[in-house]
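Side chains are part of it too, since the values below use all heavy atoms of this structure and drop only hydrogens, waters and symmetry mates.
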Amino acid sequence: MAVSVRLVVIGVGNAFRRDDGVGPAVVDLLRERAARGSLPAGVRLVCCDGEPGRLMALWEGAELAVIVDAARARPGHPGRIHRLEPDGCPVRRAGAASGHGLGPAEAVALARALGAMPGRLVVYAVEGADGSLGTGLSPAVAAAVDPLAERITEELVRHSPPQDDAPAAGPHAMLER
């Protein structure tokens with residue numbers, strides 16, 4: 001009997017705010033990989049604006065939820081990737097450092113209070129350079145998309161049970177917008 005592992009990758013952001021679109025850009029690349037069968041079967045790939053209730057609904061029942069979001073740091077290093085596992089760590093409100101009014105940090109705090117955390121949560125934050133209106137990532141952030149998609153792919157594969165007789169993710173991956 002095959003073990004069912006629910007995996008979800010959530011790209012948080014707004015593609016019309018330049019580097020804030022890094023989450024959706026990574027999810028788009030992962031969708032291409034899923035179409036080629038490069039992801040484990042059943043991975044759910046979604047984009048979200050970061051509103052806490054929507055994030056919680058997207059990771060509901062997931063054994064592994066991966067969030068990809070833009071971040072601002074001072075001093076900043078655009079394109080630098082941070083990997084965070086908030087399980088058991090205090091969550092600090094992002095405040096002015098966030099491009100969202102409410103977002104992943106608030107979702108984690110609320111989910112903890114409600115007992116609605118996924119089995120495991122990993123957050124990849126990519127430092128951005130440009131949050132102005134418009135489309136297209138800055139060069140440094142665009143250069144981080146492929147390496148980050150590779151890291152996430154490896155993480156999903158490590159978290160998945162062996163798929164000896166199972167087909168590749170291809171048409172079985174759950175693709176959503």
Query raised in the report: Would you find a donor on one side and an acceptor on the other, under 3.5 Å apart, between the side chain of R120 and the backbone of E85?
Result: no
Report summary line: The reported gap from CG in D20 to CG in D69 (rounded to nearest 0.5 angstrom) is 6.5 Å
Requested in this report: Go through the steps for L39 and T153 under the test side-chain contact (heavy atoms from CB on, under 4.5 Å), then give the verdict.
Outcome: CA-CA 6 Å; L39 294 182; T153 299; 3.6 Å; yes
**Report entry** Heavy-atom side-chain proximity of L121 to I67 below 4.5 angstrom
**Finding:** yes
Report task. Look at the side-chain heavy atoms of Ile, Leu, Val, Met, Phe, Trp and Tyr, link any pair under 4.5 Å apart, and say whether L114 and L55 land in one connected group. Result -> yes
Query raised in the report: Nearest 0.5 Å, what's the CD-CG distance between E150 and L30?
Result: 9.5 Å
Report task. Heavy atoms only: give me the nearest E51-C48 pair and the separation to one decimal. Result -> N-SG, 4.3 Å
Report task. Report yes or no: does R6 contribute a side-chain atom to a donor-acceptor pair with the main-chain N or O of E60 at less than 3.5 Å? Result -> yes
Query raised in the report: Is the shortest distance from a Lys or Arg side-chain nitrogen in R74 or E127 to a carboxylate oxygen in the other one below 4.0 Å?
Result: no
**Report entry** Flag side-chain contact, heavy atom, 4.5 Å: L7 against S160
**Finding:** yes
**Report entry** Check: V123 and V66 side chains under 4.5 Å, non-hydrogen atoms
**Finding:** no
Report summary line: side chain to side chain contact (heavy atoms under 4.5 Å, CB included) with V46: of L58, V27, V9, only one passes, and it is L58
Query raised in the report: Within the side chain of S38, is there an N or O that forms a donor-acceptor pair under 3.5 Å with the backbone of A34?
Result: no
Distance-only donor-acceptor hits, side chain of residues 133-148, under 3.5 Å, sequence neighbours excluded:
residue: S138; atom: OG; partner: D19; partner atom: OD1; Å: 3.1
residue: S138; atom: OG; partner: D19; partner atom: OD2; Å: 2.9
residue: D146; atom: OD1; partner: R33; partner atom: NH2; Å: 3.3

Query raised in the report: Less than 4.5 Å apart, any side-chain heavy atom of V68 and any of I152?
Result: yes
Query raised in the report: So, do V122 and L84 sit near enough that their side-chain heavy atoms are less than 4.5 Å apart?
Result: no
Query raised in the report: Is the backbone N or O of G119 less than 3.5 Å from a side-chain atom of E63, with the two atoms forming a donor-acceptor pair by type?
Result: no
Query raised in the report: From M56 CE over to E106 CD, what is the distance, rounded to the nearest 0.5 angstrom?
Result: 12.5 Å
Requested in this report: Any pair with a residue in residues 9-18 that passes salt bridge (Lys or Arg N to Asp or Glu O under 4.0 Å), sequence neighbours left out, goes on the list, sorted by first then second residue, please.
Outcome: R18-D130
Query raised in the report: With sequence neighbours excluded, what pairs up with R151 under the side-chain contact (heavy atoms from CB on, under 4.5 Å) test?
Result: I81, R83, Y124
